[in-house]
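Note on naming: letters A, B, ... go to the chains in the order of the sequence lines (proteins, then strands), and numbering restarts at 1 for each one.
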There are 2 protein chains.
Amino acid sequence: MGKITMADVAEKAGVSKSTVSQFLNKRYHYMREDTRTRIEEAIKELNYQPNYLARSLKQKRTSTVGIIVGNIMHRFSTEVSRAVEDYFIQHDVHTIVCNADNNPEKEKKYIEMLRAKQVDGLIIFPTAPNLDIYQQLIRENYPVVFMDRKLSGLKAPLVASENNEATWSAIQHFIDQGHERIAIVTEPLTISTRLERRDGYKQALEENGIEIKPDFLVSAEIKQIQQELEKLFAIESPPTAILAGNDLLLIEVLKFAKEKNLKIGEAFALIVFDNIPFAHLVDPPVTTIKQSSYLMGERAAELLLKQINNQKIEALEMRFPCELIIRDSSKRLK
Amino acid sequence: MGKITMADVAEKAGVSKSTVSQFLNKRYHYMREDTRTRIEEAIKELNYQPNYLARSLKQKRTSTVGIIVGNIMHRFSTEVSRAVEDYFIQHDVHTIVCNADNNPEKEKKYIEMLRAKQVDGLIIFPTAPNLDIYQQLIRENYPVVFMDRKLSGLKAPLVASENNEATWSAIQHFIDQGHERIAIVTEPLTISTRLERRDGYKQALEENGIEIKPDFLVSAEIKQIQQELEKLFAIESPPTAILAGNDLLLIEVLKFAKEKNLKIGEAFALIVFDNIPFAHLVDPPVTTIKQSSYLMGERAAELLLKQINNQKIEALEMRFPCELIIRDSSKRLK
DNA sequence: TTGTAAGCGTTATCAT
DNA sequence: ATGATAACGCTTACAA
């Protein structure tokens, strides 16, 4: 016997397919008690499992959404997708998480695949090269929410951190601690998030009348970071404070410090953008800029669900503040 | 205009649906050059996207698999799912990752949902209460691979670490470093992984003629760990070495040490089961037992794909060795 | 209160 | 070399 279908249940219960369907969709309104129990029993006995594929095909909605994250290795991405899943599961919507690995080609593939699977909407950490695809989605009125990065010209909701302000206050904190030679390390300035962080950095220095030294603006691929840090510390007056642009960069900075025998908090002060699970447990504890990842995920999910249900969206751009959690690593150097 | 379907393409190209379908499935055998190009153009112009739902319904396979991990907050789970995804995407199969949160109820829901979505197979980190569900899957000949945990009586492939042996050699290493009062901290002994680790621990002590003290066998929920550690260090002769059973437990041990001002490597030595991204960067660097998570994920995926393609599977139980990476935290105390 | 039948967007069989 | 037509398993008017 092949897979059990609704027809099998109907036959066993001695009713028609539509009645079984009514039952499954809890439209008992006018159903006689005994038909109900007969169907119930038939389902039990046959161990019938409905086929969502068929149902979705008919209903033209899958109760499934997709989220395409930039790089799943970032703690931020994991936290956001957890929030999105938690939100949707409470609304009986399933979430498929895809990892674009910051690769526009992969991202494009995933968008196509998810749309082919007829997901009802998409949350995307966008990359500039795929701008036209996003425009197309929006033109089609397809439900979509962008996350973390801003691409100008996109008329769709965006949920992101206040990167500029957050970085500004981290740098201001460094300055308050007496630092003047402050470096910022980011991945290549190809996405808005990184640009905004760099801008916040510049702004803070300018407001404090500190010259901006190009040498202190380090931007490179993760693989190149070690050699960039070498250069950074080879200059005449190396920085006394470093802001690491995200968690993966922190690992690089720590690795560099370890190899060069530079002690954090002594050789240089350190702040990292992102929540780091071990930040408070290492020695010295690391000062972090915490993003509201969970809240942001929830908000994005909510905005997506609204679109799916054809509800109006208030604002297109939703910025979330970050929290500077000051620990020993950013204190005045001994 | 609603969504573009194959019928629209057919009409535009002046051919029948079947011809378009042939084209899409690359059966050009007998197709005239000009029909081909006409179809190609129609697809471009209309921006046609196929509907996998309809196709899957007809073909009775979705080219999608599911993986249900025990708890996504473990690094191990993340690494395994990455491997599974990477493997399947190369075989044009999509992967849906679900997080059971070590909750059998959630797990059950996910299994039902994934089967309703007609996924072609499942990789599961199983939990004992759902044994009957697994048995049912196997009875139906549904492709399934179990991961990480062994449930007896399941006639389906299992991919897991050599937990016993790995723990044994970690404890032996402690003993070689002169430790005799060695504690092991695990989550509740409800799954085989934890039992196997405890057994390896006992075995190593026994072989070295060291008495097994019940006080040194700490098993509790993460939330209770702090108070259990309190008790552990309140006894007359507290341990000089601790094996943390996984990455989440490591965080608890570090938190405890920090609060009590116990320095790792001085107050007690430490080894942790699992790969920890920061292990080599903290002070002191932490000795870890590294599981072959990526390899295991690949192997599980391969075994699943074989089943989906009705190929024979050689062995049912596949154990992977772990690597003890010795760093400063497990050295002889100063 | 329940049944009939059409249709969702494909693929597959068989004609032509 | 291409087309008609019947599935796939479900939902939903509408009929009874």
Spacing of A/Lys60 atom NZ relative to D/dC10 atom P, expressed in whole Å: 19 Å
Using 4.0 Å as the upper bound for N to carboxylate O, is an ion pair formed by B/Lys12 and B/Glu41? no
Record whether the side chain of B/Ser18 comes under 3.5 Å of the base of D/dA4 through a donor-acceptor pair of N or O atoms. yes
For A/Lys58 and C/dC8, what is the distance between atoms NZ and C1' respectively, to the nearest whole Å? 6 Å
With a non-hydrogen cut-off below 4.0 angstrom, is B/Thr35 in contact with a base, only sugar-phosphate, or nothing? sugar-phosphate
Check the distance between D/dA1's P and B/Gln22's CD and give it to me in whole angstrom. 13 Å
Does A/Thr5 make a side-chain N or O approach to OP1 or OP2 of D/dC10 shorter than 4.0 Å? yes
Would you indicate, yes or no, if D/dC10 has its OP1 or OP2 atom less than 4.0 angstrom from a side-chain nitrogen or oxygen of A/Ser21? no
Nearest-angstrom distance from the residue atom CG of B/Leu24 to C1' of C/dA12: 15 Å
Can any side-chain N or O of B/Ser77 pair as donor or acceptor with the backbone N or O of B/Asn71 at less than 3.5 Å? yes
Do B/Thr64 and A/Lys117 pair up side chain to side chain, a donor and an acceptor below 3.5 Å, judged on atom types alone? yes
Find the distance A/Arg38:CZ to C/dG3:C1' and express it as a whole number of Å. 14 Å
Looking only at the side chains, is there a donor atom on one of A/Tyr294 and A/Asp86 sitting less than 3.5 Å from an acceptor on the other? yes
Nearest to the side chain of A/Leu57, heavy atoms from C-beta on, is which of C/dT11, D/dT2, C/dC8? C/dC8
Could you state the atom-to-atom distance from CE of A/Met6 to P of C/dG3 in whole Å? 12 Å
Figure out the CD1/C1' separation between A/Ile39 and C/dT1, and round it to whole Å. 11 Å
What about B/Lys17, does its side chain sit under 3.5 Å from the base of C/dT10 through a donor-acceptor pair? yes
Ranking D/dG9, C/dG9, C/dT11 by distance to the side chain of A/Ala54, first place goes to D/dG9
If you assign each of A/Tyr52 and B/Ser16 to its closest nucleotide in DNA chain D, which residue comes earlier from the 5' end? B/Ser16
Centroid-centroid under 6.0 Å between A/Tyr134 and A/Phe146 rings: yes
Establish, with yes or no, whether the OP1 or OP2 oxygen of D/dT11 is under 4.0 angstrom from a side-chain nitrogen or oxygen of A/Arg55. yes
Starting at atom CG of B/Asn25, determine the distance to atom P of C/dT11, rounded to an integer number of angstrom. 5 Å
